[in-house]
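For clarity, every value in this text was computed on a predicted model and none was experimentally measured. In what follows, every heavy atom counts, from backbone to side chain, and hydrogens, waters and symmetry copies are set aside. Whatever order the structure lists them in is the order used to number ligands and atoms, beginning at 1.
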Amino acid sequence: METSTLPKNTNTSEDFMPINGTDYVELYVGNSKQAAHYYKSAFGFQSYAQAGLETGLKDRESYVVVQDKIRLVLTSPLKSGTEIGKHIDKHGDGVKVVALWVDDATIAYNNAMERGAKSYMEPQVEEDKDGQVVRAGIYTYGETVHIFVERKDYNGTFLPGFKKWETPDYNPEPTGLKFVDHMVGNVGWNKMNHWVKFYEDVLGFKNILSFDDKDISTEYTALMSKVMSNGNGRIKFPINEPAEGQKKSQVEEYLDFYEDEGVQHIAVATDNIIQTVRDLRSRGVEFLRVPATYYDAVTDRVGKIDEDIAPLKELGILVDRDDEGYLLQIFTKPVEPRPTMFFEIIQRKGAQSFGKGNFKALFEAIEREQELRGTLH
Ligand code: FE2
């Protein structure tokens, strides 16, 4: 059952947790230097900032890459036995931090703590010659954390402690990725409502859409999902949990391989998905494919759209429509050896939903990949 309960603009004067947007996403990875190269080469991110031995850090090295409003931080340990190393050992490469840009990190943190959050990092002021940033953090599902970032007094590169990362000889062109549209978490059996309540109680989010196992199922596998949104709609966190099916669903596979709850996908927006996906493919990004027959019925299902069907079919881009318009979307294969985190590329043309009409074709495509991995049983 799909339900829509939230009016377009919630009155933000009642929003106890105003959030301006996604500040950055930090991944703990085995080799941050090579990961940065991958995100530059394959996805068109730009070199931006760096922190490590040269900036006085002894235990880790971070590279920050940027594309329009999207900032990815790629962090690896410089020695054994670190929290970062343990995170990578357990989960493989994955998202550690979903950072939220706020006006006052201390108030955000205190509000969250009063409402039952578990502390990750008490408010701390970080300072350099370019000003100061205040950050504070709380845990969410698994070992994933939200860090509140207050940067109104900061004019430097990324955060205090980082220096500009310049690569004059290698700067591949951007691919048109603009901002984080939504980020999805996979949580354990019967845990979806627990985390829905967490986002409602602790961060003041609202449940704007719900999908049950009848919406999201194939002959073999199923999952359930609820979409949480903050007051101004800039932050959307769908939360998935597995549902009983004949075979192991993609969410169960994720939980097995990530060995925990965690971020399943990062959806990034573009204004021209055909151009972006053509570009990403030519740079080696691998996408899930639906059968060509998907396109036989697409016009009947979604009606007239601005794009020609031929390039959508050629590139494997999916289309869905809701009351407000339509959207175009496509999903990458996992971007690390474990079948865990992947990216979605999305172009919204009015639609504010998440591609419900594509779920079945998409999950059948994922099942074919699971079959190849021997995890569909
Ligand atoms: Fe998505």
| task | Apply side chain to side chain donor-acceptor pair (under 3.5 Å) to R348 and list each qualifying residue two or more places apart in sequence or on a separate chain. | result | D181
| How about F359 and F211: are their ring centroids closer than 6.0 Å? | yes
| Would H146 and Y199 count as a close aromatic pair, with their ring centres under 6.0 Å? | yes
| task | Please report the number of protein N, O or S atoms that lie less than 2.8 Å from the Fe ion (ligand 1). | result | 3
| query | Taking the six-membered ring for Trp, is the centroid-to-centroid distance between F343 and H265 below 6.0 Å? | reply | no
| message | Quick check against the 3.5 Å criterion: does E241 have a side-chain atom that pairs as donor or acceptor with the backbone of M192? | response | yes
| said: Quick check on side-chain hydrogen bond (donor to acceptor under 3.5 Å, both in side chains): which of D260, N240, T340 does N186 satisfy it with? | reply: N240
